[in-house]
Asker: 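Before I ask anything, let me first share the structure, which is written out below as C-alpha cells.
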Amino acid sequence: MKKTVIFGALTAAGLAAGAASAATLDDVKARGTLNCGVSTGLVGFSAPDANGEWSGFDVAVCRAVAAAVLGDPMAVEFVPTTGKTRFTALASGEIDMLARNTTWTFTRDVDLKFEFTGVNYYDGQGFMVPKALGVSSAKELEGARVCIQTGTTTELNLADYFRKNNMDYEPVPIETNAEAQQNYLNGACDVYTTDSSGLAATRAAFEAPGDHVILPEIISKEPLGPLVRHGDNEWGDVVRWTLNALIAAEELGVTSANIDELTSGTDSPEVNRLLGTEGNLGSMMGLESDWAVNAIKAGGNYGELFEKNIGENTPIGLSRGLNAQWTEGGLLYSPPFR
C-alpha cells in the first residue's frame with residue numbers, strides 16, 4: 001500500500017515537472033519572441049544605445065538563444081532588471097531567462113529555485129578608487145565610504161572582507177550601475193566595488209578613465225551565467241547547450257566566417273554533430289537541426305563575442321584570463337556534443 005502511494009505521488013510529481021519543463025520552450029515558440037532579463041545598463045555586457053538597440057556580451061547570449069529557438073537573433077524583448085528585481089522577474093515568468101552578470105551561488109540555485117545553465121564569465125569582486133586618493137591596496141580602505149549594489153553577492157562579500165581584515169567602512173547603498181557611477185563621480189563614496197569586469201566596464205564609460213584605479217585584490221569567486229526557473233528542464237537544456245555551442249565552436253575552430261563552408265560537411269564528427277549535418281541533437285531538444293548554426297551565426301563563437309564586446313581591443317579592455325579555453329590554460333570547457 002505504502003509503495004503504491006509513494007509511486008503514485010512520484011509519478012504525479014514527475015508528470016507535473018514534465019509539463020512545467022516544456023512550458024517555456026512552447027511559450028517562446030508560440031510568442032515568437034524571447035523575453036530576456038538583462039541589466040539596466042553595463043557597457044560591454046548589456047546596454048542600449050541612443051536608439052534603444054541593446055548590445056553586449058550578455059545580450060549576445062540572449063540573441064544566440066533566440067536564434068537557436070526561433071531562427072532570428074533579433075526576436076528578443078530585453079527587460080532591464082536591477083539586483084533586486086531580477087529574481088522576481090524570472091520567478092514570476094515575466095522573463096524566460098536571465099542573462100545579467102549574475103553569480104551562481106548555492107542559495108540562488110537551491111533556495112531561490114533557479115537553475116544556472118553554465119558560466120559565461122568567470123569573475124571576482126574588486127575595488128575601484130580615484131587615482132587622486134593615493135590608495136594602492138584594498139587593505140588601505142579603513143573608514144572608506146563604499147558604493148555597493150543592494151541585493152547582490154557583492155554586498156555580502158564586502159562585509160566579509162572588511163570584517164576579516166578588522167576594518168570599518170560606511171556602505172553607500174545603490175540599486176543600479178548608473179546610480180553607482182553618479183555617486184562615485186560626485187564624491188558621495190570613495191570606493192565602488194562590484195565584479196571586476198563590471199568595474200572595467202564602468203570605468204570605460206568615464207570621461208577620464210585614467211583618473212581611476214582598479215585595485216589588485218580580488219576578494220571572491222563570481223561565476224556569472226544565464227539562469228532559468230527550476231522545473232524548466234527542457235528549456236534549461238536549450239539555454240545550457242546554446243551557451244555550450246558557442247564555447248565548443250571556438251574550441252573546434254568554427255567561426256562566423258567559416259561556418260557556412262563547414263555546414264557542407266567536415267572530417268570532424270563532433271563539428272558535424274554540432275552543426276547538425278550528422279546525428280539528431282536538435283530534435284532531442286525540440287529544435288531544428290541547424291539550431292547551433294543559427295546560434296553561432298547570430299554573433300560568432302564565444303571568442304568572437306568576447307573580443308567584440310569586452311576584449312583587450314575594446315574600451316573595456318579585458319584579457320581572457322580564466323575565460324580562456326581549457327586548451328589555453330583557462331576554465332572554459334564544454335561537455336562533448338555526442
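These numbers were taken from a predicted model, which means no experiment stands behind them.
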Asker: If Ile, Leu, Val, Met, Phe, Trp and Tyr residues are connected whenever their side-chain heavy atoms lie under 4.5 Å apart, and connections chain through other members, are Met128 and Ile218 in the same group?
Answerer: no
Asker: When rounded to the nearest 0.5 angstrom, what distance separates CD1 in Ile174 from CD1 in Ile148?
Answerer: 7.0 Å
Asker: Between the side chains of Glu251 and Ser334, does any donor sit under 3.5 Å from an acceptor?
Answerer: no
Asker: Taking atom CZ as the centre, does Arg31 end up with more than 12 heavy-atom neighbours from other residues, nucleotides or ligands that are less than 6.0 angstrom away?
Answerer: yes
Asker: Taking the side chain as every heavy atom from C-beta outward, state whether Thr103 and Arg108 have any pair of such atoms under 4.5 Å apart.
Answerer: yes
Asker: Is the shortest heavy-atom distance from the side chain of Phe127 to the side chain of Asp190 under 4.5 Å?
Answerer: no
Asker: Is there a path of hydrophobic side-chain contacts, each under 4.5 Å between heavy atoms, that joins Trp291 and Met74?
Answerer: no
Asker: Does Gln125 form a side chain to side chain contact (heavy atoms under 4.5 Å, CB included) with Tyr161? I'd like the steps, not just the answer.
Answerer: CA-CA 11 Å; Gln125 183 174 335; Tyr161 181 78; over 6 Å; no
Asker: If every non-hydrogen atom of Leu262 is compared with every non-hydrogen atom of Gly253, which pair is closest and at what distance?
Answerer: CD1-O, 4.3 Å
Asker: Is it true that a side-chain atom of Asn272 and a backbone atom of Gly265 form a donor plus acceptor pair closer than 3.5 Å?
Answerer: no
Asker: How close do Ser197 and Tyr121 get, heavy atom to heavy atom, and via which atoms?
Answerer: CB-CE2, 3.7 Å
Asker: Mark yes when over 12 heavy atoms from residues, nucleotides or ligands other than Glu77 sit less than 6.0 Å from its CD; otherwise mark no.
Answerer: no
Asker: Taking the side chain as C-beta and beyond, is there a heavy-atom pair between Thr154 and Gln149 under 4.5 Å?
Answerer: no
Asker: How many angstroms lie between atom CG of Leu141 and atom CG of Asp168, to the nearest 0.5 angstrom?
Answerer: 12.5 Å
Asker: Under 3.5 Å, is there a donor-acceptor pair linking the side chains of Asn301 and Thr255?
Answerer: no
Asker: Thr327: which residues meet the side chain to side chain contact (heavy atoms under 4.5 Å, CB included) condition with it, sequence neighbours left out?
Answerer: Gln325
Asker: Donor-acceptor pair, distance only, cut-off 3.5 Å: does the side chain of Ser256 make one with the backbone of Lys297?
Answerer: no
Asker: For Glu53, what residues pass the salt bridge (Lys or Arg N to Asp or Glu O under 4.0 Å) criterion, not counting sequence neighbours?
Answerer: Arg63
Asker: Side chain to side chain contact (heavy atoms under 4.5 Å, CB included) between Glu270 and Arg338: does it pass, once the steps are laid out?
Answerer: CA-CA 7 Å; Glu270 186 159 21; Arg338 63 167 56 254; 5.9 Å; no
Asker: Could you check whether any side-chain heavy atom of Ser46 comes within less than 4.5 Å of a side-chain heavy atom of Phe78, counting everything from C-beta outward?
Answerer: no
Asker: Taking atom CZ of Phe87 and atom CZ of Arg100, what is their separation to the nearest 0.5 Å?
Answerer: 8.5 Å
Asker: If I compare all heavy atoms of Leu332 with all of Asn323, which pair ends up nearest, and what's the gap?
Answerer: CD2-O, 3.6 Å
Asker: Do you know which two heavy atoms are closest between Val79 and Glu94, and how far apart they sit?
Answerer: CG1-OE2, 3.6 Å
Asker: Using 0.5 Å steps for rounding, measure from the OG atom of Ser268 to the CZ atom of Arg273.
Answerer: 7.5 Å
Asker: Is the count of non-hydrogen atoms from other residues, nucleotides or ligands lying under 6.0 Å from Asn313 atom CG greater than 12?
Answerer: no
Asker: Answer yes if the side chains of Thr150 and Glu155 hold a donor-acceptor pair under 3.5 Å, and no otherwise.
Answerer: no
Asker: Using a strict 4.0 Å threshold on nitrogen-to-oxygen distance, state whether Glu217 and Lys139 make a salt bridge.
Answerer: no
Asker: Does some side-chain heavy atom of Trp235 sit less than 4.5 Å from a side-chain heavy atom of Arg229?
Answerer: no
Asker: Please determine whether residues Val172 and Tyr192 belong to a single hydrophobic cluster, defined as Ile, Leu, Val, Met, Phe, Trp and Tyr linked transitively by side-chain heavy-atom distances below 4.5 Å.
Answerer: no
Asker: Side chains of Thr202 and Asn177: is there a donor and an acceptor less than 3.5 Å apart?
Answerer: yes
Asker: Provide the closest heavy-atom pair for Pro315 versus Ala204 in the form atom of the first, atom of the second, distance.
Answerer: O-CB, 3.4 Å
Asker: Regarding His212 and Tyr184, is there a side-chain donor-to-acceptor distance under 3.5 Å anywhere?
Answerer: yes
Asker: Run the numbers on Val76 and Val59 for side chain to side chain contact (heavy atoms under 4.5 Å, CB included), then give the verdict.
Answerer: CA-CA 9 Å; Val76 186; Val59 165; over 6 Å; no
Asker: Go through the side-chain N and O atoms of Glu288 and Asn294 and say whether any donor and acceptor fall under 3.5 Å apart.
Answerer: no
Asker: For side chain to side chain contact (heavy atoms under 4.5 Å, CB included), just list the numbers for Leu252 and Leu274, CA-CA rounded to whole Å, side-chain angles, deciding distance to a tenth of an Å, and then say yes or no.
Answerer: CA-CA 10 Å; Leu252 296 169; Leu274 172 66; 4.2 Å; yes
Asker: Find out if a path of hydrophobic residues (ILVMFWY) with successive side-chain heavy-atom gaps under 4.5 Å connects Leu199 to Val191.
Answerer: no
Asker: So do the side chains of Asn309 and Thr314 get within less than 4.5 Å of each other, counting heavy atoms only?
Answerer: no
Asker: Is a side-chain donor or acceptor of Thr81 paired with a backbone partner of Val38 at a separation under 3.5 angstrom?
Answerer: yes
Asker: Can you check whether Thr82's main-chain N or O pairs, donor with acceptor, with Thr40's side chain at less than 3.5 Å?
Answerer: no
Asker: Are Tyr302 and Phe57 near enough that their ring centres are under 6.0 Å apart?
Answerer: yes
Asker: What is the minimum heavy-atom distance between Met285 and Glu234, and which atoms define it?
Answerer: O-OE2, 3.7 Å
Asker: Can you list every pair that meets salt bridge (charged side-chain N to carboxylate O under 4.0 Å, His left out) and has a residue in residues 37-47, with sequence neighbours left out?
Answerer: none
Asker: Given side chains that start at C-beta, do those of Lys29 and Val69 come closer than 4.5 Å, heavy atoms only?
Answerer: yes
Asker: In Å, rounded to the nearest 0.5 Å, how long is the span from CG of Leu158 to OH of Tyr169?
Answerer: 4.0 Å
Asker: For Gln182, I'd like to know if atom CD has over 12 heavy atoms of other residues, nucleotides or ligands within 6.0 Å.
Answerer: no
Asker: In Å, rounded to the nearest 0.5 Å, how long is the span from CG of Asn101 to CZ of Arg86?
Answerer: 7.5 Å
Asker: Assigning hydrophobic clusters by single linkage (Ile, Leu, Val, Met, Phe, Trp, Tyr; side-chain heavy-atom cutoff under 4.5 Å), is Ile247 placed with Tyr333?
Answerer: no
Asker: Hey, is the main chain of Pro226 close enough, under 3.5 Å, to the side chain of Thr117 for a donor-acceptor pair?
Answerer: yes
Asker: Side-chain contact, heavy-atom cut-off 4.5 Å: Thr194 with Glu222?
Answerer: no
Asker: Check whether Lys308 reaches the backbone of Gly300 with its side chain - one donor and one acceptor, N or O, closer than 3.5 Å.
Answerer: no
